[in-house]
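Letters A, B, ... mirror the listed sequences (proteins, then strands); counts begin at 1. What's counted below: heavy atoms across the whole structure, side chains too, no hydrogens, waters or symmetry copies.
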Amino acid sequence: MPITERDVEKIAELAHLELTEEEKALFTRQLASIVRYVEKLNELDTEDVPPMMHAGAEEEADYAQRDDEVLASLGQETALANAPDKARGFFRVPRVIE
Amino acid sequence: MDIIGLTIETLHRALQTGETTVREVCERLLERIDALDGTIGAYLTVDGERALQRADALDRERREGAPLKPLTGVPIAIKDNICTRQLRTSCASRILHNYVPPYNATAVERLLDAGAVIIGKTNCDEFAMGSSNENSAFKIVRNPWNLERVPGGSSGGSAAAVAADLCVAALGSDTGGSIRQPASLCGVVGLKPTYGRVSRYGLVAFGSSLDQIGPITKTVRDAARVLRVIAGRDWHDSTSSNHDVVDYEAALNGELKGIRVGVPREYFGQGLDAEVKRAVEMAVDRFADLGAEIVEISLPHTEYAIACYYIIATAEASSNLARYDGVRYGYRTTRAGNLREMYRRTRDEGFGAEVKRRIMLGTYVLSAGYYDAYYLKAQKVRTLIQRDFTQAFAQCDVIAGPTSPTVAFRLGEKTDDPLKMYLSDIYTITANLAAIPGISIPCGLSQDGLPIGLQLLGRRFDEATLLRVAHAYEQAYPFEHKPALEMSDS
């Protein structure tokens, strides 16, 4: 499936990216070539092959489970320490509701 | 105290005899970083003051009779996508340019518990996305062996710092080869452990089913030491494994009898540079000389690995990188009237081109109508690639081949063509897809004087055999070259 500039605009919107006209043109070209390359996978018949659900473990499910213990968390001050904008113990963002 | 070529082993011997102190070693290193790193660019942050404070504290403990812990006084550099408490962790990205983590990654916490000194944070490709370190938002890294060449990526700063003796050891992260390929291009040892062997807690997520933290060191023994310290189950990472952590150093017995070394024909075909091929084939012959049995094997789905990887890795990245929205930490745009605009512009201004490209590709392959065709298909092919290895490991104990198809390439040589850059990961990517461990060790120099890396792959959670084989090779054929770097250069 060839990628068009319209596809790129739609993907950018889904990904919350704002692209310049130049980037749009560049990405359309580059993504088209990458997608053409990855379609190589269609040469393989995978009808009866299960998808890998946990990295490395086709047979064994060795991912570990643990009890859900309550531990101390970061705390408000620490959690806010890296905030670009904050007020009265909250993250502050531009107006959401007009 | 000469810090050129200093390893954990030689440093500990010198501390034990009283020949040096932790402070002296740290001071020498900081002087060397001062003199050379302006040219190389391996570090994004040097934490000199705190390193010296910690050095003094460790020296004091030693004087009071404290025994050496596995990493006491070892100056270690940490890749800048691994969180360090109260020490900036930028992922070489504008979007995290001012991020100061409130916690340590588990691997870092374990290094500190074992007595290590964190000397600084190393440069890398932005969010670990790249194979040349040219995607850092801040500066490039130059290969210490030739300043016009790339150090490899994405852990290029860590590999260059180890190669140039700007630290004793380093941590990197490996999603598709990002520890092994730069280790190969810089002539040092790089180990990617089995998926789940080392906790990913505090490693800034790129491809969560592929990412793994591992050591970059000057010797195999040092890699074994660091691995033992950082490996093991972690309450904070549900994908970390309960598998027993063994004494990897005890496995280094120099013995290769009874070891079967598999040589995959697919790793020696088209695209492999002739000099690299010759050096790796010679290494295989040497294994035979050392008493190992050489077995020809096949990994038939190798040619699909890059396509499979770039679907899975970008899909996971697009999801993981959705968190950078300018709300809770990092960069926020100054030109936004409303919330959606703030998200978009923050991300547009904060991410570099390669990161955007991968977010776009990942969003595309996960989007409605394409999920089955791309993502699900790739996960099935991933199963086939893993089965290749399961079958191969029925015939051999380790697999030997090249780490990278070429020696270090020139700065700027591949930046215009992302696909061409992706193709240089061909031999390393399969280990991440199959969740197996891999190590790169130096096995020769090209005519231009650039290091060539030998990659060994092992069975899941069998780092002990992998390290044993790598160590036996290293002992029999030590790599005794060093890059020519003059302190007076700067």
Main-chain N/O of [Y] paired to [X] side chain as donor or acceptor, under 3.5 Å:
{"X": "Asn104(B)", "Y": "Glu109(B)", "result": "no"}
{"X": "Thr430(B)", "Y": "Ile426(B)", "result": "no"}
{"X": "Glu463(B)", "Y": "Pro193(B)", "result": "no"}
{"X": "Arg459(B)", "Y": "Phe393(B)", "result": "yes"}
{"X": "Asp237(B)", "Y": "Arg200(B)", "result": "yes"}

So which part of [X] gets closer than 4.5 Å to some heavy atom of chain B, the side chain, the backbone, both or neither?
{"X": "Glu47(A)", "result": "backbone"}
{"X": "Leu71(A)", "result": "side chain"}
{"X": "Ala81(A)", "result": "neither"}
{"X": "Asp7(A)", "result": "neither"}
{"X": "Ile11(A)", "result": "both"}
{"X": "Leu44(A)", "result": "both"}

Between [options], the one whose heavy-atom pairs under 4.5 Å with chain A are most numerous:
{"options": "Ile312(B), Thr194(B), Ile311(B)", "answer": "Ile311(B)"}
{"options": "Ala434(B), Gly196(B), Gly337(B), Pro418(B)", "answer": "Pro418(B)"}
{"options": "Arg382(B), Arg328(B), His301(B)", "answer": "Arg328(B)"}
{"options": "Ile436(B), Ile359(B), Leu210(B), Thr363(B)", "answer": "Thr363(B)"}

request  = Enumerate by number any residue of residues 344-351 of chain B whose heavy atoms lie under 4.5 Å from heavy atoms of chain A; in the absence of such residues, state 'none'.
outcome  = Arg344(B), Arg345(B), Arg347(B), Asp348(B), Phe351(B)

task = Just do the ring pair (Phe, Tyr, Trp, His ring centres under 6.0 Å) check on Tyr99(B) and Tyr324(B) with the steps written out, would you?
result = CA-CA 12 Å; Tyr99(B) 177 61; Tyr324(B) 303 104; 8.6 Å; no

query = Looking just at side-chain N and O atoms, do Arg323(B) and Tyr329(B) make a donor-acceptor pair shorter than 3.5 Å?
reply = no

key: Between Asn320(B) and Ser208(B), a side-chain donor and acceptor under 3.5 Å   = yes

Best-contacting candidate, [options], against chain B by heavy atom pairs under 4.5 angstrom:
{"options": "Asn82(A), Thr46(A), Leu19(A)", "result": "Asn82(A)"}
{"options": "Val38(A), Leu74(A), Val96(A)", "result": "Val38(A)"}
{"options": "Leu80(A), Leu41(A), Thr78(A)", "result": "Leu41(A)"}

Contact class of [X] relative to chain A, heavy atoms under 4.5 angstrom:
{"X": "Asp416(B)", "value": "backbone"}
{"X": "Leu321(B)", "value": "neither"}
{"X": "Ser209(B)", "value": "both"}
{"X": "Leu423(B)", "value": "side chain"}
{"X": "Asn98(B)", "value": "backbone"}

ask   = Hey, would you say the Tyr422(B) and Tyr309(B) ring centroids sit under 6.0 Å apart?
value =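 That pair fails the under 6.0 Å test.
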
ask   = How about Glu9(A) and Lys24(A): do any of their side-chain heavy atoms sit closer than 4.5 Å?
value =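 Yes. Closest side-chain heavy atoms under 4.5 Å.
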
ask   = Is any side-chain heavy atom of Met342(B) less than 4.5 Å from a side-chain heavy atom of Thr333(B)?
value =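 When only atoms from C-beta onward are counted, Thr333(B) and Met342(B) do touch, with a gap below 4.5 Å.
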
query = Salt bridge between Arg357(B) and Glu354(B), side-chain N to carboxylate O under 4.0 Å?
reply =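 Result for this pair is yes, salt bridge flagged.
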
Under-4.0 Å salt bridge between Glu23(A) and Lys356(B) = yes

remark   = What one should report as the nearest heavy-atom pair of Tyr310(B) and Leu361(B) is O-CD2, 3.8 Å

query = Cation-pi between Arg94(B) and Tyr331(B): NZ/CZ under 6.0 Å from ring centre and within 45° of the ring axis?
reply =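 Satisfied, under 6.0 Å and within 45°.
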
